[in-house]
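Proteins come first, then strands; the chains are lettered A, B, ... in the order of their sequence lines, and each starts at number 1. From a predicted model like this one, the values you see are computed outputs, not experimental measurements.
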Amino acid sequence: MYNTLTRQKEEFKPREPGKVAMYVCGPTTYNFIHLGNARPIVVFDTVRRYLKYKGFDVRYVQNFTDIDDKIINRAREEQDDPLKLAARYVDEYYKDADALHVLRADIHPKVSGHITEIIEMVKTLIEKGYAYVVDGNVYYDVRKFAAYGKLSGRALEDMQAGARVDVDERKRDPMDFALWKSAKPGEPAWDSPWGMGRPGWHIECSAMALKYLGVGFDIHGGGFDLVFPHHENEIAQSEAATGHPFARYWMHNGFITVNQEKMSKSLGNFFLVREILSRFPPEVVRFYLLGTHYRSPLDFDDEKLSAAARGMERIKNSIRLLEEALAGRDEGAASRPDPALAARLDELRGEFEKAMDDDFNTALAIGVMFDLAREINGCLARQDFPNKAEKTAALQKARDLFRDFNSVLGVFKTGADGDIQLDEEGEEDQSLVEELIGLIIEVRQEARKKKDWSTADHIRDRLKEMGIVLEDTPSGVRWKKQG
RNA sequence: GGCGACAUAGCCAAGUGGUAAGGCAGAGGACUGCAAAUCCUUUAUUCCCCGGUUCAAAUCCGGGUGUCGCCUCCA
């Protein structure tokens, strides 16, 4: 995996064999998440899934920042309590993340629940001489930490602090940052040795990551814009406080852009996940996010999502065809799979793993999934399998492969057993819909028998308008909901 | 001013020394009452430009052009 710390790809060697401890910076909950927020969530969810696929025991922590200036400001605007507002948007976060098939982290810590740990850490930093107190504020003294800048690759001398924002004159160095902020009236505040106040932005992640994962944990992830100052500061605090390396591998995802410009809340060019999901299925959004390598920028517009949807449809069709071929056929269970196809399937699994092993190249991995689809479609189209049982067994193996690919990419809905479920309605209505469509198809078939094409086409066209696509095949009529 | 990233067909996008994956869109063929789906074939003598290294470069080096990002909250 590519490690921002060393600026190169490295073989992943966990702190403890077989185990991975991973921390990802989660959202500040003062609004619904936008697509730019969704990228790291989906990307690191996929990283986690793949490590799990590879057999690692993964401990995954993602925080919520529920104390922050933006939350306080927003709460003031809405005349709401900051903590309540933050809690509300945590709930909303889960709705979007669940829709995108993002698995829950093992631990989702919140800043508000870790004030004690944060205060302890700040105390340690003061005791060790890395921090100083001014008027109830505690600042980190960046000049004391020799390695400051090692993650972002910059030197203190090169940075123009204050070039775009006023410098607090009370700081010893313009780059010093707040570990603890004294509270203004009406702000959420906690008692501390330095008076009533609240944590600075960076200290929370250090405190929570160290609490749940310990020093020298394996992977720390987040968006590229967090490299500086957030992650740089996390390193400075944590390594100064513990005297040990903070995290081993730093992973950063690239930005989502709109018209080649970074999508961000401050630019106002963001699209809420909520809004996009009203126009596109969540599976398509996830598929689209994983269609580009995580470190590359990804430009967003509806046209690109539509193209992703059409591409995904191709894979879905293949899975449908496969399920159809397998329906009611279990003679393969006892047989060995057709050797040629089985070998090809093994090869594809190898390609998939090779892609993911190379810095989580999901774009390539999706390409392998397309190759698998073509392989299956071709196999189904050909009639040159002398041994039906062997063919069936191989197809079952192919189904397993789809399931395993999806266990990593998470682009299709799954049942409790991990099997892919297309067109899953989740309602009893589904059976009624099936019966009704079955009836309509029956009527249309009568018309077709009489070569009454205008009636047959009319029915097909009207159903299409309703989102039901009919396919006449030599073996009968097939229907599906439009993807 | 400092630091960094990217530039591959109409579009999206893999590919870090060995002779251009995959998807969308397009073209032709098979199948079909017509469609759809699927299969087969086809679409970049070439990877922003100019030099250099090498038997060999989209891939390495130097220069240039363009786009973007970080240095402030931001995923």
Side-chain angles (χ1 to χ4, degrees), chain A residues 4 7 9 24-28 33-44 68-70 73 149 152-155 157-167 175 201 221-230 232 252-257 260-267 270 287-288 291-293 295-299 301 303-315 317-318 320-321 351 355 358 361-371 373-374 376-382 448 451-454 456-457 460-461 464 469-474 477-480 482:
Chain A
T4 306
R7 281 133 203 281
K9 284 185 196 170
V24 174
C25 289
T28 300
I33 60 168
H34 62 68
L35 192 63
N37 299 315
R39 169 120 97 149
I41 293 164
V42 167
V43 161
F44 292 112
D68 173 88
D69 290 353
K70 295 189 291 293
N73 291 338
S152 53
R154 52 187 93 201
E157 299 71 49
D158 297 334
M159 290 187 267
Q160 293 188 340
R164 293 159 71 188
V165 75
D166 289 337
V167 173
M175 297 310 296
W201 174 35
F224 227 92
D225 50 357
L226 296 183
V227 173
F228 190 92
H230 186 54
E232 195 69 70
H252 294 98
N253 63 275
F255 300 121
I256 305 275
T257 59
Q260 316 298 328
E261 224 179 24
K262 179 183 171 185
M263 179 187 293
S264 76
K265 289 177 184 171
S266 39
L267 284 174
F270 59 89
F287 185 81
Y288 163 77
T292 299
H293 185 88
R295 281 191 285 119
S296 301
L298 207 193
D299 199 59
D301 63 52
E303 202 39 56
K304 285 163 187 159
L305 266 185
S306 296
R310 288 192 293 271
M312 201 173 175
E313 194 62 27
R314 181 174 162 75
I315 298 175
N317 280 331
S318 182
R320 280 197 192 95
L321 255 24
E351 285 175 21
D358 186 9
N361 193 334
T362 52
L364 231 194
I366 285 174
V368 176
M369 199 150 69
F370 276 107
D371 289 337
R374 181 145 35 80
I376 289 167
N377 293 340
C379 166
L380 260 20
R382 276 180 274 122
R448 293 182 75 215
K451 296 196 188 295
D452 178 3
W453 307 127
S454 74
D457 289 351
R460 190 173 59 197
D461 292 346
K464 180 136 198 280
V469 179
L470 295 192
E471 297 176 0
D472 297 327
T473 77
V477 182
R478 178 157 63 217
W479 70 272
K480 67 182 177 188
Q482 197 151 39

Q: Starting at the 5' end of nucleotides 7-12 of chain B, put B wherever the base has a protein heavy atom under 4.0 Å, S where only the sugar-phosphate does, and a dash everywhere else.
A: -----S

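At a threshold of 4.0 angstrom between heavy atoms, the contacts of A:Met263 include nucleobase atoms, whether or not backbone atoms are also involved. No engagement by A:Asp69 is indicated, since no non-hydrogen atom pair under 4.0 Å with the nucleic acid exists. Counting non-hydrogen atoms under 4.0 angstrom, A:Asp68 reaches nothing in the nucleic acid. Residue contacts shown for A:Glu261 are limited to sugar-phosphate atoms, with no base heavy atom under 4.0 Å away. Residue A:Leu380 is out of contact with every strand shown, counting any heavy-atom pair closer than 4.0 Å. Using a 4.0 Å heavy-atom cutoff across all strands shown, A:His293 reaches sugar-phosphate atoms only and no base atom. Backbone-only contact: A:Arg310 has heavy atoms under 4.0 Å from sugar-phosphate atoms and none from a base. Counting non-hydrogen atoms under 4.0 angstrom, A:Ile256 reaches a base of the nucleic acid. At a threshold of 4.0 angstrom between heavy atoms, the contacts of A:Gly222 are confined to the sugar-phosphate backbone, with no base atom among them.
In a base pair of the Watson-Crick type (N1 to N3 plus N6-O4 or O6-N4) or a G-U wobble (N1-O2 and O6-N3), with each distance short of 3.5 Å, B:G33 is matched with no nucleotide. Pair check for B:C73 finds none; no Watson-Crick or G-U wobble contact set falls under 3.5 Å. Of the nucleotides present, B:A5 is the one that pairs with B:U67 by Watson-Crick or G-U wobble criteria, both distances under 3.5 Å. B:G10: Watson-Crick or G-U partner is B:C24, with both key distances under 3.5 Å. Partner assigned to B:C60 is B:G52, using Watson-Crick or G-U wobble distances below 3.5 angstrom. Using Watson-Crick or G-U wobble geometry with both donor-acceptor distances under 3.5 Å, B:A44 finds no partner in any strand shown. In this structure, B:U16 forms no base pair with any nucleotide, since neither Watson-Crick nor G-U wobble geometry is met with both distances under 3.5 Å.
Under the 6.0 Å distance and 45° angle rule, A:Arg154 counts as a cation-pi partner of A:Phe228.
With sequence neighbours excluded, no residue satisfies salt bridge (Lys or Arg N to Asp or Glu O under 4.0 Å) with A:Arg39. By the salt bridge (Lys or Arg N to Asp or Glu O under 4.0 Å) test, A:Asp225 is found to be paired with A:Lys262, residues two or more places apart in sequence or in another chain being considered.
B:A75 has no base stacking with the ring of A:Phe255 when judged by centroids under 5.5 angstrom apart and an interplanar angle below 30°.
Spacing between B:A57 and B:C47 at atom P, rounded to whole Å, works out to 12 Å.
Side-chain contact between A:Asn377 and A:Leu321: present, with at least one pair of heavy atoms (C-beta onward) separated by less than 4.5 Å. Residues A:Arg295 and A:His252 have side chains not in contact (no heavy-atom distance under 4.5 Å, counting atoms from C-beta outward). Side-chain atoms of A:Trp479 and A:Val469, non-hydrogen and from C-beta on, never get closer than 4.5 Å to each other. Put simply, the side chain of A:Lys304 reaches to within 4.5 Å of the side chain of A:Asp301, judged on heavy atoms. For the pair A:Glu351/A:Asp371, a side-chain contact is recorded, criterion being any heavy-atom separation below 4.5 Å from C-beta on. Looking at A:Lys480 and A:Glu313, their side chains come closer than 4.5 Å, going by heavy atoms from C-beta outward. Taking 4.5 Å as the limit, every side-chain heavy atom of A:Arg478 sits out of range of all side-chain heavy atoms of A:Leu470.
The two residues A:Pro40 and A:Asn253 make their nearest non-hydrogen contact at CB-OD1, 3.1 Å.
Counted by atom type alone, A:Asp299 and A:Thr257 present one or more donor-acceptor pairs between their side chains at under 3.5 Å. For the residue pair A:Arg320/A:Asn317, the side-chain donor-acceptor check at 3.5 Å is satisfied.
Distance from the side chain of A:Arg448 is smallest for B:C34 among the nucleotides B:C34, B:G4, B:G69. Candidate nucleotides B:U16, B:G22, B:A14 were compared by shortest atom distance to the side chain of A:Ser296, and B:A14 ranks first. Here B:C73 is the nucleotide among B:A14, B:A75, B:C73 with the atom lying nearest to any side-chain atom of A:Lys70.
B:C70 atom P lies 11 Å from atom CZ of A:Phe224, rounded to whole Å. Atom NZ in A:Lys451 sits about 10 Å away from atom P in B:C34, given to the nearest Å. Between A:Phe228 atom CZ and B:C70 atom P the separation is 13 Å, expressed in whole Å.
In this structure, CD1 on A:Ile33 lies 12.5 Å from CZ on A:Phe270, to the nearest 0.5 angstrom.
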Show me the protein contacts with nucleotides 37-41 of chain B, counting only N or O atoms at under 3.5 Å.
residue	atom	partner	partner atom	Å
B:A37	O4'	A:Glu471	OE2	3.3
B:A37	O3'	A:Asn317	ND2	3.1
B:U38	O3'	A:Asn377	ND2	3.2
B:C39	OP1	A:Asn377	ND2	3.2

Provide a list of protein-nucleic acid N or O atom pairs under 3.5 angstrom, restricted to nucleotides 18-20 of chain B.
none

Would you list the protein and nucleotides 26-31 of chain B atom pairs, both N or O, that sit under 3.5 Å from each other?
none

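Residues A:Arg460 and A:Asp457 are paired through a salt bridge, judged by an N-O separation under 4.0 Å between the basic side chain and the carboxylate.
Remark: the A:Arg39 side chain and the B:A75 base include no donor-acceptor N/O pair separated by less than 3.5 Å.
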